[in-house]
Amino acid sequence: MPVKIRLQRHGKKGKPFYWVVAADARAKRDGKFLEKLGIYNPNTNPATIELDVDSSVKWLQNGAQPTDTAKAILSYRGVLLKHHLLGGVRKGALTEEQAEEKFNAWVTEKEAAIADKVGGLDKAKAEARAAALKAEKEVNEKRAAEAAAAALPETPEGEDAEAEVEAVEAAGEPEQATEAPAEDDKA
């Protein structure tokens with residue numbers, strides 16, 4: 001029975017979510033599978049990949065063929081490297097401890113690279129928020145200055161505001177006519 005390591009689609013329309021499975025090559029894409037090896041979520045940045053490395057290596061050693069996308073995912077998580085190192089152990093080129101040491105060193109390095117990418121994305125997001133906040137503050141200050149300028153009475157150039165106020169007080173304000181009493185509505 002030919003076995004493939006491939007993706008099985010889940011999730012709603014426009015938001016795919018995949019299971020990485022070992023399945024019979026003749027089975028439907030989302031049909032019967034032999035074993036679920038992990039998950040792959042391309043909707044997050046960076047993509048979320050959770051994989052059972054030991055089960056994946058076991059299937060590769062038993063002759064399962066990964067599809068192109070599954071091969072890229074297995075390589076990203078180090079499954080193909082571990083399979084390669086275990087091949088060296090079988091041939092006598094490495095000991096089991098040396099293979100595990102090399103694999104763990106690679107995993108540590110890979111996790112550091114992923115953490116740097118996540119940190120860079122968080123930093124870029126924070127900088128974008130800071131720039132948007134700064135631009136918004138500038139717009140608000142401009143609006144406040146325009147509103148304050150519109151609220152001030154206009155004085156001709158060259159005159160003091162105090163002189164104008166004194167002139168108005170000296171002239172005195174004419175008395176305003178009293179308002180007529182309100183008419184009652186008779187309807």
Side-chain angles (χ1 to χ4, degrees), residues 1-140:
M1 167 173 77
V3 176
K4 290 268 191 190
I5 296 177
R6 62 184 184 196
L7 300 181
Q8 193 177 64
R9 192 180 197 281
H10 294 275
K12 63 183 183 177
K13 183 168 73 172
K15 298 283 186 179
F17 179 87
Y18 299 96
W19 287 358
V20 180
V21 297
D24 184 356
R26 298 167 291 191
K28 295 179 183 176
R29 179 193 72 177
D30 298 336
K32 188 175 169 184
F33 60 91
L34 301 170
E35 184 179 355
K36 179 180 173 186
L37 302 174
I39 61 165
Y40 167 59
N41 185 1
N43 298 317
T44 60
N45 190 8
T48 305
I49 300 173
E50 295 175 13
L51 208 57
D52 184 1
V53 176
D54 294 329
S55 293
S56 301
V57 169
K58 180 190 78 162
W59 279 106
L60 287 173
Q61 288 175 340
N62 289 334
Q65 294 296 313
T67 61
D68 292 338
T69 307
K71 189 174 188 176
I73 291 170
L74 295 175
S75 176
Y76 183 81
R77 296 308 290 177
V79 173
L80 296 180
L81 174 66
K82 188 164 187 173
H83 177 63
H84 175 74
L85 291 172
L86 290 178
V89 170
R90 277 193 310 274
K91 292 178 182 177
L94 296 170
T95 64
E96 186 76 34
E97 294 80 27
Q98 290 174 331
E100 278 298 317
E101 185 179 315
K102 285 185 178 187
F103 179 71
N104 290 334
W106 182 88
V107 167
T108 305
E109 184 180 316
K110 184 69 169 184
E111 287 175 355
I114 292 170
D116 288 345
K117 181 177 181 180
V118 170
L121 291 172
D122 291 342
K123 183 178 177 184
K125 199 180 289 186
E127 288 174 357
R129 280 187 186 153
L133 183 62
K134 182 179 176 185
E136 187 175 333
K137 283 183 180 180
E138 290 174 1
V139 168
N140 287 342

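Numbers for residues simply follow the sequence, beginning at 1. Nothing here was measured: the structure is a model prediction, and the numbers come from that model.
- Proximity of Ile39 to Val20: side-chain heavy atoms (C-beta onward) are nowhere separated by under 4.5 Å.
- The shortest non-hydrogen separation linking Pro46 to Val118 is CD-CG2, 3.6 Å.
- Distance CD/Gln8 to CG/Leu37: 11.0 Å, rounded to 0.5 Å.
- Looking only at side-chain heavy atoms (C-beta outward), Lys137 and Leu133 come within less than 4.5 Å of each other.
- Put simply, the side chain of Trp59 reaches to within 4.5 Å of the side chain of Leu34, judged on heavy atoms.
- Residue-environment remark: NZ (Lys71) stays at or below the threshold of 12 foreign heavy atoms within 6.0 Å.
- Here the shortest heavy-atom pairing between Pro16 and Asn41 reads O-OD1, 3.9 Å.
- At a threshold of 4.5 Å between non-hydrogen side-chain atoms, the residues Asn45 and Lys117 count as touching.
- Atoms OG1 and CD, on Thr95 and Glu101 in that order, are 8.5 Å from each other to the nearest 0.5 Å.
- Heavy atoms from other residues, nucleotides or ligands lying under 6.0 Å from CD of Gln61 number more than 12.
- Environment of CG in Asn62: crowded, with over 12 heavy atoms of neighbouring residues, nucleotides or ligands closer than 6.0 Å.
- A distance of 8.5 Å separates CZ in Arg6 from OG1 in Thr67, rounded to the nearest 0.5 Å.
- For Gln98, the CD atom is densely surrounded, since the number of other residues' heavy atoms within 6.0 Å is greater than 12.
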For a quick test of your reading: what N or O donor-acceptor pairs under 3.5 Å do the side chains of residues 74-92 make, sequence neighbours left out?
from, atom 1, to, atom 2, distance (Å)
Lys82, NZ, Asp54, OD1, 3.0
Lys82, NZ, Glu100, OE2, 3.4

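- With sequence neighbours excluded, the residues that form a ring-ring contact (aromatic ring centres under 6.0 Å, His included) with His10 are Trp19.
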N/O donor to acceptor pairs below 3.5 angstrom from side-chain atoms of residues 21-29, sequence neighbours left out:
from, atom 1, to, atom 2, distance (Å)
Asp24, OD1, Arg26, N, 3.3
Asp24, OD1, Arg26, NE, 3.4
Asp24, OD2, Arg26, NE, 3.4
Asp24, OD2, Arg26, NH2, 3.1

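- By the 4.5 Å heavy-atom criterion applied to side chains, Tyr18 and Ile73 are not counted as neighbours.
- Of all the heavy atoms in Ala64 and Pro66, the pair that sits closest is O-CD, 3.6 Å.
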